[in-house]
Every structure is written in C-alpha cells, then in structure tokens.
K.L.:
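The following block contains the structure, expressed as structure tokens.
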2 protein chains.
Amino acid sequence: MADLCVNLVPLFNALPQDEKMQIEKLVQHKNYQKGEVIIDPTINDNLVIVADGNAKQYTLDEDGYENVLQILHTGDYIGEDWLFGQENINNYVEATEHSEICLLKRQDLLKLMHKQPELSIRLLELNIVKVSEMQKQIHLLALPKVEDRLLKYLQTYADEIGKNNFTLPLKMKDLALYLGTTPETLSRKFALLKKQGQLKRQLRRIELFEN
Amino acid sequence: MADLCVNLVPLFNALPQDEKMQIEKLVQHKNYQKGEVIIDPTINDNLVIVADGNAKQYTLDEDGYENVLQILHTGDYIGEDWLFGQENINNYVEATEHSEICLLKRQDLLKLMHKQPELSIRLLELNIVKVSEMQKQIHLLALPKVEDRLLKYLQTYADEIGKNNFTLPLKMKDLALYLGTTPETLSRKFALLKKQGQLKRQLRRIELFEN
DNA sequence: TAGGTGACTTGACTGTTATCAAGATACTAG
DNA sequence: CTAGTATCTTGATAACAGTCAAGTCACCTA
C-alpha cells in the first residue's frame, strides 16, 4: 500500500501527520472477494475506504431491486455522513472485484476523541472552515453567466492547489453538470476565455493567467 | 431578553437544552452605543450575537474607505467562521444604534470543550450533517432551469419544517439572489408553477402540492 | 382614510443558453 | 496500426432568462 488510508478521506485531510497516524492505527485492513458485502443496514457504523479495487453502493427497494447509487474506485470512500449522526437505512456496499478495504469504526473514532478532545476540536475547526468555503461556492454557482461561474471555479481550484497550471479533475461532462450547464456551452465558454486571453488550454490541461 | 443568546446561533441549534445552558454561562452581555466598535482586527476571537439592536460589519480598504459587507439586525450573529481557525483580518463590527450584544470568547468555548469532549463531538456531528445538506443544495443550485431550482428549494424547505404550507423566510429579492436569478424571473416562475397546479400562493404564503 | 414608500408583477425586448445534429479529436482494444 | 467508441467541438435554432420600464399591490404612517 502506497499511502495511509486516512490520507484518502477529506475529513482528515488537513490533520497533522501524527494525528492522522493515531487514526490510522484504528483502521482495519481487510480483503474482500468479488460479491462480498462490506456494509449492510445491520453494520452501518463504518467508514469504508477503498484502498485498492472497486465496490458499489446501492439500496434495495421494496421489490428487492438493486439501485446502484455510486461506484467506488481505488481511493474513493464512503460513510463520512453516517460516521456521525446520520442514519444509514437501507444502504449496502459490495465489492465488485477482489478489493482491499480499510474500515474505521464509529465507536473507535469516538473513543479516541474522548481521550483526546484536541482531535475533535480540530476536526470541528476544519469542518467549519469547510462550511464557510462551501457557502462561498454556493454564491459562485448562483452567478448568472456560465463564463463567470467557470472562471471563478478555475480560480478557486487554482488557489486550492496553489498552481496556475493544472489538469482538470473532472471530465467536461461532469464539470458541466457541476457548474449547472451543458458540455456544449462549457466548450464554447472555454473558447471564449481563451480568446480573451484569460487562459491557455489543451484538453483538460489548463493554464490560468492572473489579472 | 426573551431568549438565550445561544439559541440564536445555528452552530448550537440542535444542542440539547442543558448543553446550551453551559455555553450560555460563558456568554458576556454588553451594551453598545451607536458608533461603538464591537470587533476590530485586534479583537478577533469573539462570536458576536445581536440580542437587540443593529450593527454593521465592514472592512477598510487601503484608502481607509469603509466597505459594508453586512447589516446585522436583532437575532443576527457573526463570527462563526473565525471562532475556529479562520483568520480575521481587516474585519470590523460596529453598533449602528444602541444595542445589546452577546459575546462568546473563543478561549472560553475551547476550554469548555476540553472539559467536555462530548460537546465538541456533538458540534462536529451537527456540522457534518450541515455539510452534507449543503452539498445537496449545491446540486440544487446547479439545476439549469430556474423553475426547477425554485420548486426544489420549496420542497426542501417544506421537508425541513415538515409542513406543506408555510411563509417564505426571505423576500423575493433575496430569494432571487439566493437562487441565482432575478425577482422578475422568480415572479414569473411562481406564476408558472401555480398555473401547473404545483402550488397555491398569496404573496409569501405558500401551499405546496405533492406530486 | 389618504398619501407615500417599498415590494412585487407584467410587458417588450435583447442577450444568453439549451438542444439537436453533425463533425472532429482523443482513447482503447484487438 | 486500425477500427470502434467515447469525448469534445462546432453550427443552427429555439427556448429561456436578464434587463429596463411601467404598472399594481400591500403596508406603514399621519
């Protein structure tokens, strides 16, 4: 394994390394065969991190029909919501191939937090920062013009990673959805911004110019 | 004072009454005259709750020009961001009339949290729920059509308060801004939804029909 | 009750964006 | 290397939303 499981989860992202290590110690590494169920409604207090492999999250409707919500690839994770508070009703996660999974139990994390109040205070801090950033992003998305939304998105992303040239983390189609528009319009807007000299672009490779 | 200051702040909203009381004990009540500065960059670790009166939040630009960011009325508050982590640079809050203000110091709250890990864990839980709700809202705002955004907003609000008829908490103008549109368009969209039989409406009084 | 103010609505017009269809470009597997 | 597929781009058109202006309605105060 190249990296700590804990490093894959945004909730823990900005924690200092030593605190991450403490959490990492609580993590169980497990191997699952294709078709094995990792999470079902009776076991609903785990954070599930896919260290290697693939899994699917799904619910079952009253007819017993499977409803796939999400495909989890290597590096994806699920359960941040229900690790605290949120109920997990009718939620399944199943390995779709042989996979290495990291599990973090709610109770274990809570225990650690009780022992070290600092940890939960820090997590709270990080989370509040996250909320205020999301609020900014909500304002961003409320901009009426697509080109404004796009530019603002790019600038925000550049700020986050601290570079002016980067590769877009999303496909055009997904970025379009994210920005509340269509791939076609997005394509045109990229062309527009390029013409205005605000950026250079080769497919998903972007170079932003400051103004 | 009709209510506890703590009850006015969303961060604490869902806490049980006894935990709220503990926080309330840490709150300082102070009266400010018109023009008095409540917060400046040297005093930046307070949560400010306006129990009665009005205040304004502003920054100063390099020319010393005042830049009003927000008007705080009775019941509004400010500082959730910088109570943890976030830096407060160049941020001022000033009473615009005689006002009763509640102040909660960062250090006091942190101390309480250290004594009672439960509290910060609970705050963390609440905050994570908030994040997952905001994520839903971001998806909502990314809907391309205003009528879809409006309807979704109304449905979400109805779900939250558990009623199908309610009074809108915002003025049309503000709701328009919030949904990334204009009051005019909003007005037309309300008319459209009414014509489609999705709701009844008298000004801000809404009755939603299920589908 | 009357007059005034701010909030909301309606109309006409313009600019922007979604949609549909076709074409170009990159990616993948054989 | 090539065929096949998915992704992205471009064009034409129609639907949609923003803007400005004028009007209506509700609410507050005298």
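A, B, ... follow the sequence lines: proteins, then strands. Residue 1 opens every chain. Excluded from the calculations below are hydrogen atoms, water molecules and symmetry mates; all remaining heavy atoms, backbone and side chain alike, are included.
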K.L.:
Could you state the atom-to-atom distance from CZ of Arg204(A) to P of dA26(C) in whole Å?
P.N.:
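Between P of dA26(C) and CZ of Arg204(A): 12 Å.
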K.L.:
Measuring from Asn46(B):CG to Leu104(B):CG, what's the distance to the nearest 0.5 Å?
P.N.:
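Nearest 0.5 Å value for the CG-CG distance: 7.5 Å.
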K.L.:
Tell me: CE of Met172(B) to C1' of dT10(C), nearest whole Å?
P.N.:
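It works out to 13 Å between those atoms.
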K.L.:
Hey, is NZ on Lys152(A) packed in by over 12 heavy atoms from elsewhere, all under 6.0 Å?
P.N.:
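Incorrect, the count does not exceed 12.
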K.L.:
Without decimals, in angstroms, what is the distance between Leu203(B) CG and dA7(C) P?
P.N.:
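Going from Leu203(B) (CG) to dA7(C) (P), I get 12 Å.
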K.L.:
Is any side-chain heavy atom of Leu26(A) closer than 4.5 Å to one of Lys105(A)?
P.N.:
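In short, these two side chains do not touch, never coming nearer than 4.5 Å.
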K.L.:
Using atom NZ of Lys171(B) as one end and atom P of dC8(C) as the other, report the distance to the nearest whole Å.
P.N.:
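Computing the Lys171(B):NZ to dC8(C):P distance gives 7 Å.
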K.L.:
Round to a whole Å and report the spacing from NZ of Lys145(A) to P of dA18(C).
P.N.:
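In whole Å, dA18(C) P lies 13 Å from Lys145(A) NZ.
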K.L.:
Tell me which residues in residues 185-194 of chain B put a heavy atom below 4.0 Å from DNA chain C, sorted by number, or none.
P.N.:
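By residue number: Ser187(B), Arg188(B).
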K.L.:
Would you find a donor on one side and an acceptor on the other, under 3.5 Å apart, between the side chain of Arg149(A) and the backbone of Leu179(A)?
P.N.:
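Flag set: sc Arg149(A) to bb Leu179(A) pair under 3.5 Å.
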K.L.:
Taking CD from Glu147(B) and P from dA18(C), how many angstroms apart are they, rounded to a whole number?
P.N.:
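Taking CD of Glu147(B) and P of dA18(C), I get 13 Å after rounding.
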K.L.:
From Lys189(B) NZ over to Thr181(B) OG1, what is the distance, rounded to the nearest 0.5 angstrom?
P.N.:
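Those atoms lie 8.5 Å apart.
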K.L.:
Side-chain N or O of Thr182(A) less than 4.0 angstrom from OP1 or OP2 on dA18(C)?
P.N.:
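Checking Thr182(A) against dA18(C): at least one side-chain N or O falls below 4.0 Å of OP1 or OP2.
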K.L.:
Can you check whether Tyr157(A) reaches Leu170(A) side chain to side chain, under 4.5 Å on heavy atoms?
P.N.:
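No - every pair of side-chain heavy atoms lies 4.5 Å or more apart.
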K.L.:
Gln202(A) has an atom CD; how far is it from atom C1' of dT25(C), in whole Å?
P.N.:
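From Gln202(A) CD to dT25(C) C1': 11 Å.
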K.L.:
Starting at CG of Leu4(A), measure out to CD of Gln17(A) and round the result to the nearest 0.5 Å.
P.N.:
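Rounded to the nearest 0.5 Å, the CG-CD separation comes out at 6.0 Å.
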K.L.:
Between atom CE of Met172(A) and atom OG of Ser187(A), what is the distance when rounded to the nearest 0.5 Å?
P.N.:
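These two atoms lie 5.0 Å from each other.
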K.L.:
Can you tell if the side chain of Phe209(A) reaches within under 4.5 Å of the side chain of Glu207(A), non-hydrogen atoms only?
P.N.:
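Phe209(A) reaches Glu207(A) side chain to side chain.
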K.L.:
Shoot me the first and last contacting nucleotide of DNA chain D against chain B, ordered 5' to 3', at under 4.0 angstrom to non-hydrogen atoms.
P.N.:
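Range of nucleotides within reach of chain B: dC16(D) to dA26(D).
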K.L.:
Which comes earlier along DNA chain D counting from the 5' end, the contact point of Pro144(B) or that of Lys173(A), where each point is its nearest nucleotide?
P.N.:
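Counting from the 5' end, the first nearest nucleotide belongs to Lys173(A).
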K.L.:
Measure the distance from CZ on Arg149(B) to C1' on dA18(C) and round it to the nearest whole Å.
P.N.:
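The answer, rounded to whole Å, is 13 Å.
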